[in-house]
Structures are given as structure tokens and as C-alpha cells.
Amino acid sequence: MRIRFLIILTFMFMSSGFAMAQTYSIVIKGGHVIDPKNNIDAIMDIATIDDKIALVAKNIDPKLGKRVINAKGLYVTPGIIDAHVHLFYGTKMDQGLMNGPSSVQADAFSFRSGVTTMVDVGSSGFRTFPDFKRQSIDASQTRILALINIAGEGMRGGPFEQTTKDMIPRNAVEVAINYPDIVVGFKLAHYSGHEWGPTDSVVAAGKMANLPVMIDFGGAEPPLPLEELLLKHLRPGDIYTHQYAYFPDVREPVIDEKGKVKPFVLEAQKKGIKFDVGHGGGSFRWKAAVPSVQQGFLPDAISTDLHSGSMNAGMKDMANVMSKFLALGMPLQDVINRSTWLPALMFNRPDLGSLTVGTEADIALFSISKGNFGFIDISGEKLKGTEKLIAEMTIRAGKIVWDLNGLAAPEFKQ
Ligand SMILES: [Zn+2]
């Protein structure tokens with residue numbers, strides 16, 4: 001079936017090729033394409049026309065490309081989706097992640113890691129979303145999607161994230177209705193009270209808008225029961241972030257004292273609850289990640305929780321977090337799947353996260369460096385690894401936005 005498809009494609013290509021010189025904007029030649037959605041894991045060529053993927057085939061004539069990229073020895077993947085970041089940077093110095101200095105600028109971190117889509121998870125609430133859209137989303141080349149915080153102000157810190165009377169589901173839903181291309185769900189974060197009201201408020205917004213919610217499970221002392229959250233309050237499709245965090249005094253971890261993944265966690269994942277890495281500056285411990293991966297408790301989304309407190313610590317960037325999963329023994333194909341297609345599905349955006357013909361041409365080219373590497377977690381402990389993903393080129397909507405070694409550049413001649 002597949003062979004016949006390729007023959008037809010080749011025939012179509014040959015019959016049209018002579019008449020149409022330089023049909024394609026970019027032809028990427030000879031790379032190892034990993035496109036989990038379309039079940040591709042092979043040496044293939046890719047062609048784009050303007051901002052769209054035009055053809056994926058075994059052999060595309062380079063003469064048909066206005067630009068030709070030699071991708072031999074590189075991996076070619078869909079543009080990476082970072083499912084958990086904070087991008088509402090601004091100058092309000094006391095406002096943390098909301099229009100403050102703890103958030104970061106998307107384009108400064110995305111493309112150099114192969115990332116073309118970032119999901120800001122709750123930095124803005126219904127009241128502050130317009131500012132976020134104007135100064136971050138509209139000002140970035142990176143595609144930015146957003147979860148709206150159930151707290152009206154967003155992640156302004158302190159009492160602003162604890163004020164239940166400012167958690168108004170219908171107001172959050174209104175933003176989702178007004179911006180359906182941007183808003184992909186809702187977020188509850190950092191709530192440290194002992195009642196379930198805020199969780200149920202964010203889920204109410206999710207139900208009204210038919211969108212998922214993401215829970216950063218606060219910091220209640222003693223902690224609220226995780227089983228109750230996962231099996232009683234959340235719906236299939238809702239997301240639990242910081243899955244490999246380990247600070248048992250204030251949050252129930254997914255593993256017990258012996259490192260065994262709790263059965264109800266696996267049950268929740270089976271029932272459709274999604275789990276997101278959300279590495280961050282305090283939420284990724286080898287102590288939790290190593291036994292979890294060994295026991296098959298894997299992320300639906302590998303993600304950074306990028307902000308000023310994580311960017312220069314153990315997290316670093318998306319390529320580094322993806323490389324951590326290689327170090328954990330996860331096959332590359334699986335790492336790519338959990339950084340492209342699965343997060344696209346998690347946010348109900350099947351138009352993203354693949355190299356399907358006709359979709360927007362978001363493409364990443366990676367090399368893998370071999371050597372002796374150390375990967376640090378949030379406690380400062382190191383896991384050794386031998387492979388590191390390096391983003392060589394990133395294409396966003398058909399435009400080359402990152403070219404580490406001048407793959408697309410003409411050579412200097414004196
Ligand atoms: Zn976060």
C-alpha cells in the first residue's frame with residue numbers, strides 16, 4: 001500500500017516536475033524524518049510551498065527547490081511544542097510571572113531549541129490577557145497558545161493567586177470564546193488552601209468551554225490527596241503538571257517512599273488524565289523521574305516550565321529537557337512524539353505537531369552530539385548521558401528562523 005502510494009507520488013512529481021522549475025520554496029534533502037503522527041521514521045525529503053508542507057517523499061528533485069537544505073546526518077521532525085512555559089514578560093517588578101521579570105521572551109528561547117509553538121500556562125488571567133496578547137503573543141514569531149488562569153490577575157504571586165472571589169469561570173470562558181485560536185484551556189496554580197473550590201472552579205470553566213484544564217497542585221500543608229484530585233475532580237483530558245516533582249511535605253508525589261509509582265496514578269493515566277513534565281526550577285527530580293520512567297509512567301508532554309528561575313538551572317532549554325529523556329533510556333522517536341504530536345493532541349490542536357501535507361510548515365532539524373554529558377535536576381543531582389540534541393535549523397511557517405551552522409547560507413568566497 002505504502003509502496004504504491006510512493007509510486008503514485010513519484011509519478012505525479014515526475015509528470016509535473018519538468019514544467020514547473022522551482023516549484024517548492026524549500027526542499028530538505030536526505031534527513032532522517034521522524035513524524036510520529038504519520039508513522040514516518042525513515043530517510044525522506046520534505047518540500048514546502050510558502051508557509052505550508054507541500055510534499056514528503058523518498059526523493060524530491062533538488063532542482064525544484066528555490067532553496068535546498070542538505071539534511072544528511074540530521075533528524076528532521078515537526079516543529080517542537082513546549083507545552084508549559086511563561087512568556088508574560090514585563091517591567092512590573094513585583095508581579096512575578098504576570099507582566100513581570102520572571103517571565104521570558106518567547107523568541108529568545110524557542111527556535112534555538114527547535115521549538116515553534118509554546119503554550120503559556122496561566123501567566124495571564126481574564127483581566128490581564130489583553131496586555132499579554134499585545135506585548136507577548138502579537139510581538140512574537142513563535143506561535144503562542146495560552147491557558148487562561150482561573151485567577152483574574154494570572155500569576156501575579158502571593159494573595160493574587162489565593163483570592164477565590166477573583167476566580168470567575170464565566171470570565172475566563174469569555175476570553176476563550178473571544179480567542180479560540182489562542183486559548184487552549186485553563187490553569188489553576190499555586191493555590192495553597194485546603195478546600196477544593198478553586199479546582200472545581202477551573203474545571204467548571206473547562207466544562208463550559210469544552211477545553212482541558214491544567215493543575216499545578218499548589219502547596220497545601222499537609223498536602224491535599226492526589227488520588228482525589230486525579231480520580232474525583234479532573235476529567236479525562238485534563239492535565240496534571242510537574243509530574244516528577246518531589247517535595248512530599250507540601251505536595252503528594254506520584255511515587256511512594258520506595259520509589260513505586262502509586263497505582264492510582266497509573267489508573268488515572270489509563271482513564272485519560274494527561275501528565276506534563278513542567279521541569280521548571282523546582283519540579284523535576286531524578287528521584288521521581290528515574291523510577292517513574294522505569295515503571296512506564298511517561299509524560300504526555302515533555303515540557304520545560306521555562307521562566308527566569310529555570311532557564312539557567314538544571315532545566316536550561318527544551319532540547320536539554322528532551323535530551324534528559326534520551327538519558328533516561330527513552331527512544332528518540334518516543335521523545336519526539338511526546339514533544340510534538342502528543343502535546344498537540346493534549347491541547348486539541350491536531351493541525352500542529354506533525355509534517356502532514358497542507359499543514360503549516362513548522363519543522364526542526366536536529367543533530368545528536370555524542371559524548372559525556374551531565375544532566376542536572378532541580379536538587380543539583382546529575383544523571384550522566386551520552387547523547388545531546390542540538391537544534392541545527394528551525395523553520396516556522398515556512399520561514400527559516402534559526403540556522404545554527406549556516407545550512408541554508410551560501411559559502412563565503414574571496
Ligand atoms: Zn509553570
Side-chain angles (χ1 to χ4, degrees), residues 80-90 95-106 108-110 113 115 117-125 128-129 132 136-137 142 144-151 153-158 160-162 172 183-192 198-199 202 212-219 229 238-247 250-251 253-254 274-285 288-289 299-318 320-321 324 339 343 346-347 377-378:
I80 301 297
I81 299 173
D82 189 344
H84 185 148
V85 299
H86 295 282
L87 304 173
F88 195 176
Y89 66 95
Q95 291 188 180
L97 295 162
M98 194 285 277
N99 206 2
S102 302
S103 276
V104 301
Q105 199 181 357
F109 291 85
S110 54
S113 237
V115 174
T117 298
M118 288 176 148
V119 186
D120 180 278
V121 298
S123 304
S124 72
T128 56
F129 177 80
F132 175 49
S136 296
I137 298 177
T142 310
I144 299 176
L145 306 176
L147 302 184
I148 300 300
N149 203 307
I150 194 64
E153 288 285 303
M155 295 173 106
R156 191 171 169 177
F160 293 99
E161 290 173 79
Q162 309 300 325
V183 178
V184 289
F186 305 98
K187 173 96 184 278
L188 172 68
H190 302 158
Y191 187 68
S192 56
T199 304
V202 75
V213 307
M214 178 185 276
I215 307 285
D216 169 335
F217 204 28
L229 173 75
D238 286 337
I239 305 155
Y240 182 82
T241 189
H242 306 312
Q243 68 181 114
Y244 302 133
Y246 192 85
F247 33 100
V250 293
R251 184 181 302 184
V254 296
K274 305 296 177 189
F275 291 86
D276 161 47
V277 171
H279 187 305
S283 303
F284 184 93
R285 288 280 303 271
D300 296 283
I302 294 173
S303 65
T304 59
D305 190 11
L306 170 66
H307 52 72
S308 69
S310 65
M311 64 191 191
N312 293 321
M315 190 285 287
K316 296 182 174 61
D317 59 26
M318 186 64 177
N320 189 59
V321 177
K324 287 185 171 187
S339 312
M346 190 166 91
F347 292 118
D377 74 0
I378 65 98

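Computation of the quantities below employed the complete heavy-atom set of this structure, encompassing side-chain atoms and omitting hydrogens, waters and symmetry-equivalent molecules. Along the sequence shown, residues are numbered consecutively beginning with 1. Keep in mind the model is a prediction, meaning the values are calculated, not measured. Order of appearance sets the numbers: ligands from 1, and atoms from 1 within every ligand.
- The atom name of the N/O/S atom in Asp305 closest to the Zn ion (ligand 1) is OD1.
- In this structure, the side chain of Asn320 engages the main chain of Gly314 through a donor-acceptor pair within 3.5 Å.
- Taking the six-membered ring for Trp and thresholds of 30 and 60 degrees, Tyr244 and Phe284 have ring planes more than 60 degrees apart, a perpendicular arrangement.
- When distances to the Zn ion (ligand 1) are checked against a cut-off of 2.8 Å, His84 contributes an N, O or S atom below that limit.
- Of the residues Ser310, Ser308, Ser123, the one that meets the side-chain hydrogen bond (donor to acceptor under 3.5 Å, both in side chains) test with His86 is Ser123.
- Among the atoms of His242, no N, O or S atom is found under 2.8 Å from the Zn ion (ligand 1).
- Between Asp120 and Lys187 there is no salt bridge, since no side-chain N of the basic residue sits under 4.0 Å from a carboxylate O of the acidic one.
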